[in-house]
Amino acid sequence: MTFFSIKKRKQLFCMLLFSLSMNAQVKDTAQVKQEEDNVKYPQLQIKGLFQARYLVGMTKDVDVNGLHHEDGSGTDNNFMVKYMRVQVRAQISKRTEVVVLANLADFKNDPKSRVLENAYLKYTFNPKLAITVGQFRPWFGIEETYPIDIIKSLDWSNQYTEFGKLGWTSFQIGLSATGQLQLGEIPFQYGVSIVNGNGKNQVNDNDNGKQYSTRLVFGLSKKYNFNVGLNGGTGEVFGKKVYALGVDLSSLVNFDPKWSLDMQLEAKQATNHVLYNSIDPEQRPSNPDNYLIRGIYFLPNLRYEVNHRNLSAFELSCRYEYLDTNFRMNSNPRQTITPMFGLEFLKNYGARIQLGVQFDRYKKQIINTSQYNSNLFIVQVQSRF
């Protein structure tokens with residue numbers, strides 16, 4: 001009887017614990033649901049960026065835009081406002097957001113194909129799948145994964161600019177799917193896009209072709225934040241097949257709480273269909289792959305966290321670039337070296353000043369064109385808000 005009573009008491013105790021556990025779970029679930037119900041949509045977030053420069057050309061007869069003037073008529077110094085961006089992000093449901101990004105500094109130029117940069121709707125099913133539709137930056141390399149205001153150098157690489165003209169990078173109109181998951185122990189990210197390929201703010205596609213691209217990123221070392229990215233794309237432009245390929249490596253090494261080294265290496269090759277289509281149809285060959293663009297850049301950035309009340313950090317970077325826009329038919333590679341020194345006054349690049357020099361060298365110099373050796377001194381200030 002003693003044994004039975006002890007056993008019975010244990011059963012009653014277990015039943016009591018189970019009942020309390022069930023009650024606690026019901027309360028937690030109800031509490032979570034109540035918290036979700038209390039979230040009011042839409043939730044608006046407004047951000048912005050101001051970025052201005054002072055430029056001094058240090059090469060005779062070459063203006064601040066790198067254009068050679070045989071008659072010496074170019075402007076060799078200039079104040080300019082590069083960006084005055086305003087972004088509005090509206091979270092209209094738990095899974096849906098709408099983003100608008102405009103660069104008001106573009107009003108100083110012809111704003112017909114400028115000003116509006118991002119304009120898209122994004123629906124996130126889960127971390128493994130999100131769908132974006134509208135005008136956005138399709139993933140096709142490292143530089144598409146961060147905004148201009150946290151760039152480690154003066155500006156985007158020459159490679160990024162040229163591939164933007166070809167419809168693979170920068171702001172494009174179309175549809176994309178992105179996500180992240182685990183391949184065993186390896187973190188994995190992907191992006192698949194289909195775009196018109198003729199740039200931003202276009203009313204219609206300029207032909208019936210579309211450009212398809214894929215980006216795969218593998219996290220191979222958590223300790224050194226070492227990632228490998230593979231990029232590939234194919235498409236049709238004015239009835240001709242085009243392609244693009246790329247590979248990139250990135251790493252962030254933290255030596256201690258104050259010192260860190262960020263490194264990027266990226267190489268790409270593609271059909272230069274813009275150059276191909278600019279040639280008289282009677283003179284150009286039938287295969288656009290006779291006109292190929294190829295480039296590579298390496299960007300190391302050394303950072304020291306000062307954490308003073310008036311100074312957050314300083315950075316030293318030096319980007320080397322090699323770019324040949326037509327290496328098969330008429331090769332004239334451009335090599336660019338851009339050493340930069342930056343002071344960060346607010347966390348996360350909230351306010352910073354950068355000083356640097358851009359050295360451009362061409363294999364063949366062509367007078368009265370931008371394919372001419374030049375040196376440019378830059379002072380750049382920015383503020384994020």
Side-chain angles (χ1 to χ4, degrees), residues 48-68 74-85 103 105-106 108 142-143 146-161 250 252-255 258-266 297-323 334-362 370 372-385:
L49 167 70
F50 170 79
Q51 190 180 90
R53 297 174 178 176
Y54 177 64
L55 309 173
V56 179
M58 300 187 294
T59 304
K60 184 181 178 182
D61 298 334
V62 178
D63 67 20
V64 292
N65 296 313
L67 180 62
H68 177 254
T75 301
D76 62 6
N77 68 92
N78 183 41
F79 286 103
M80 68 175 296
V81 176
K82 180 71 173 177
Y83 292 101
M84 183 60 249
R85 275 180 165 172
N103 182 19
D106 279 339
K108 65 181 182 292
I142 302 173
E143 293 178 280
Y146 54 80
I148 184 66
D149 39 325
I150 62 171
I151 201 166
K152 307 297 183 181
S153 189
L154 168 68
D155 209 334
W156 304 116
S157 67
N158 300 324
Q159 179 189 113
Y160 177 86
T161 302
S250 63
L252 175 61
V253 181
N254 293 298
F255 300 109
K258 289 185 176 293
W259 288 97
S260 63
L261 178 63
D262 188 344
M263 293 176 288
Q264 299 174 8
L265 175 66
E266 187 165 3
Y297 77 83
F298 176 59
L299 172 59
N301 182 74
L302 183 66
R303 180 179 175 89
Y304 178 75
E305 301 284 349
V306 178
N307 293 325
H308 188 269
R309 63 179 182 178
N310 295 322
L311 181 62
S312 177
F314 72 78
E315 294 183 330
L316 289 169
S317 70
C318 185
R319 182 169 62 197
Y320 168 78
E321 304 180 62
Y322 178 95
L323 181 69
R334 173 187 181 183
Q335 297 185 71
T336 305
I337 300 175
T338 313
M340 298 291 294
F341 172 71
L343 295 172
E344 181 182 322
F345 298 99
L346 296 176
K347 289 287 186 181
N348 198 25
Y349 300 115
R352 70 170 172 172
I353 296 176
Q354 292 175 284
L355 294 89
V357 182
Q358 180 174 296
F359 303 99
D360 274 312
R361 297 293 181 269
Y362 287 88
S370 59
Y372 204 89
N373 295 348
S374 64
N375 304 319
L376 181 68
F377 174 74
I378 310 107
V379 179
Q380 181 167 278
V381 297
Q382 79 169 44
S383 179
R384 305 174 77 194
F385 58 90

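Atom set for the values below is all heavy atoms of this structure, side chains included, hydrogens, waters and symmetry mates excluded.
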Enquirer: Who pairs with T59 by side-chain contact (heavy atoms from CB on, under 4.5 Å), at least two apart in sequence or on another chain?
Expert: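 So T59 forms a side-chain contact (heavy atoms from CB on, under 4.5 Å) with V62, S374, N375.
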
Enquirer: Rounded at 0.5 Å granularity, tell me how far CG in L49 sits from CD1 in I148.
Expert: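 Between atom CG of L49 and atom CD1 of I148 there are 8.0 Å.
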
Enquirer: In chain order, what residues pass the ring-ring contact (aromatic ring centres under 6.0 Å, His included) check against Y349, with sequence neighbours excluded?
Expert: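 Per chain and number, Y349 pairs via ring-ring contact (aromatic ring centres under 6.0 Å, His included) with no residue.
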
Enquirer: Please determine whether side-chain contact (heavy atoms from CB on, under 4.5 Å) holds for the pair F345 and N310, giving the CA-CA distance in whole Å, both sets of side-chain angles, and the decisive distance to 0.1 Å.
Expert: CA-CA 6 Å; F345 298 99; N310 295 322; 5.8 Å; no

Enquirer: Taking side chain to side chain donor-acceptor pair (under 3.5 Å) as the test, write out the residues that go with Q159, two or more places apart.
Expert: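 Partners of Q159 under the side chain to side chain donor-acceptor pair (under 3.5 Å) test: none.
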
Enquirer: Less than 4.5 Å apart, side chain to side chain, heavy atoms only: is that true for D76 and V56?
Expert: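 D76 does not reach V56 side chain to side chain.
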
Enquirer: Measure across S317 and S153 and return the closest heavy-atom pair with its distance rounded to 0.1 Å.
Expert: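 So the minimum-distance heavy-atom pair works out to OG-CA, 4.3 Å.
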
Enquirer: Would you tell me whether N158 and T336 have side-chain atoms, one donor and one acceptor, within less than 3.5 Å of each other?
Expert: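 Yes, because at least one side-chain N or O of N158 sits under 3.5 Å from a partner of the opposite role on T336.
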
Enquirer: Does E321 form a side-chain contact (heavy atoms from CB on, under 4.5 Å) with L299? I'd like the steps, not just the answer.
Expert: CA-CA 9 Å; E321 304 180 62; L299 172 59; over 6 Å; no

Enquirer: Would you please name every residue forming a side chain to side chain donor-acceptor pair (under 3.5 Å) with N77, sequence neighbours left out?
Expert: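 Applying side chain to side chain donor-acceptor pair (under 3.5 Å) to N77 gives none.
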
Enquirer: When rounded to the nearest 0.5 angstrom, what is the spacing between CG in D106 and OH in Y83?
Expert: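 Taking CG in D106 and OH in Y83, the distance rounds to 8.5 Å.
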
Enquirer: Identify, with sequence neighbours excluded, every residue that meets ring-ring contact (aromatic ring centres under 6.0 Å, His included) alongside Y304.
Expert: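 Testing Y304 for ring-ring contact (aromatic ring centres under 6.0 Å, His included), a comparison that skips the adjacent residues, returns W259, F314.
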
Enquirer: Which atoms form the tightest heavy-atom contact between K108 and V81, and what is the distance?
Expert: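 The answer is NZ-O, 2.9 Å.
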
Enquirer: For N65, which residues count as a side-chain contact (heavy atoms from CB on, under 4.5 Å) partner, sequence neighbours excluded?
Expert: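 Only D63 meet the side-chain contact (heavy atoms from CB on, under 4.5 Å) criterion with N65.
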
Enquirer: Go through F359 and T338 one step at a time and tell me if the side-chain contact (heavy atoms from CB on, under 4.5 Å) criterion holds.
Expert: CA-CA 6 Å; F359 303 99; T338 313; over 6 Å; no

Enquirer: Can you sort out the partners of F79 under ring-ring contact (aromatic ring centres under 6.0 Å, His included), two or more places apart, ordered by chain and number?
Expert: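 By the ring-ring contact (aromatic ring centres under 6.0 Å, His included) rule, F79 matches Y54.
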
Enquirer: Hey, could you give me the CD/CG distance between Q380 and L154, rounded to the nearest 0.5 Å?
Expert: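 It is 5.5 Å, given to the nearest 0.5 Å.
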
Enquirer: Look at E315 together with R303 and state whether they make a salt bridge at an N to O cut-off of under 4.0 Å.
Expert: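 Yes, this pair counts.
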
Enquirer: Taking only residues two or more places apart in sequence or in another chain, which ones pass side chain to side chain donor-acceptor pair (under 3.5 Å) with D149?
Expert: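 Scan of D149 (side chain to side chain donor-acceptor pair (under 3.5 Å), adjacent residues dropped) gives R384.
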
Enquirer: Going from CD1 on I142 to OG on S250, what distance comes out if it is rounded to the nearest 0.5 angstrom?
Expert: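 One finds 5.0 Å between CD1 of I142 and OG of S250.
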
Enquirer: Of all the heavy-atom pairs spanning K258 and V306, show the shortest one and how long it is.
Expert: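 Looking at all heavy atoms of both residues, the closest pair is NZ-O, 3.9 Å.
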
Enquirer: For F298, check side-chain contact (heavy atoms from CB on, under 4.5 Å) against everything at least two apart and list the hits.
Expert: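 Listed in chain order: M263, L265, P300.
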
Enquirer: Apply ring-ring contact (aromatic ring centres under 6.0 Å, His included) to Y372 and list each qualifying residue two or more places apart in sequence or on a separate chain.
Expert: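 Y372: ring-ring contact (aromatic ring centres under 6.0 Å, His included) contacts with H68.
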
Enquirer: Roughly how far, to the nearest 0.5 Å, is CG of L316 from NZ of K152?
Expert: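 Going from NZ on K152 over to CG on L316, the span is 12.5 Å.
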
Enquirer: Is there side-chain contact between Q358 and I378, with at least one heavy-atom pair below 4.5 Å?
Expert: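 In contact.
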
Enquirer: Counting only N and O atoms by type, is there a donor-acceptor contact under 3.5 Å from the side chain of D262 to the main-chain atoms of L252?
Expert: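 Checked: no pair found.
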
Enquirer: For the residue pair R319 and W156, what are the closest heavy atoms and their distance?
Expert: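 Minimum heavy-atom contact is NH2-O, 3.4 Å.
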
Enquirer: According to the salt bridge (Lys or Arg N to Asp or Glu O under 4.0 Å) rule, which pairs have a member within residues 373-383, sequence neighbours left out?
Expert: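 Residue pairs with at least one partner in residues 373-383: there are none.
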
Enquirer: With sequence neighbours left out, write down each residue that passes side-chain contact (heavy atoms from CB on, under 4.5 Å) with K82, or none if nothing qualifies.
Expert: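 Applying side-chain contact (heavy atoms from CB on, under 4.5 Å) to K82 gives Q51, R53, M80, D155.
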
Enquirer: Check the pair R334, N373 against side-chain contact (heavy atoms from CB on, under 4.5 Å), reporting the backbone distance first and the verdict last.
Expert: CA-CA 9 Å; R334 173 187 181 183; N373 295 348; over 6 Å; no

Enquirer: Verify the distance criterion only: is there a donor paired with an acceptor across the side chains of S157 and E143 at less than 3.5 Å?
Expert: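 Short answer, yes.
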
Enquirer: Nearest 0.5 Å, what's the OG-CG distance between S260 and L302?
Expert: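 Atom-to-atom, S260:OG and L302:CG are 7.0 Å apart.
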
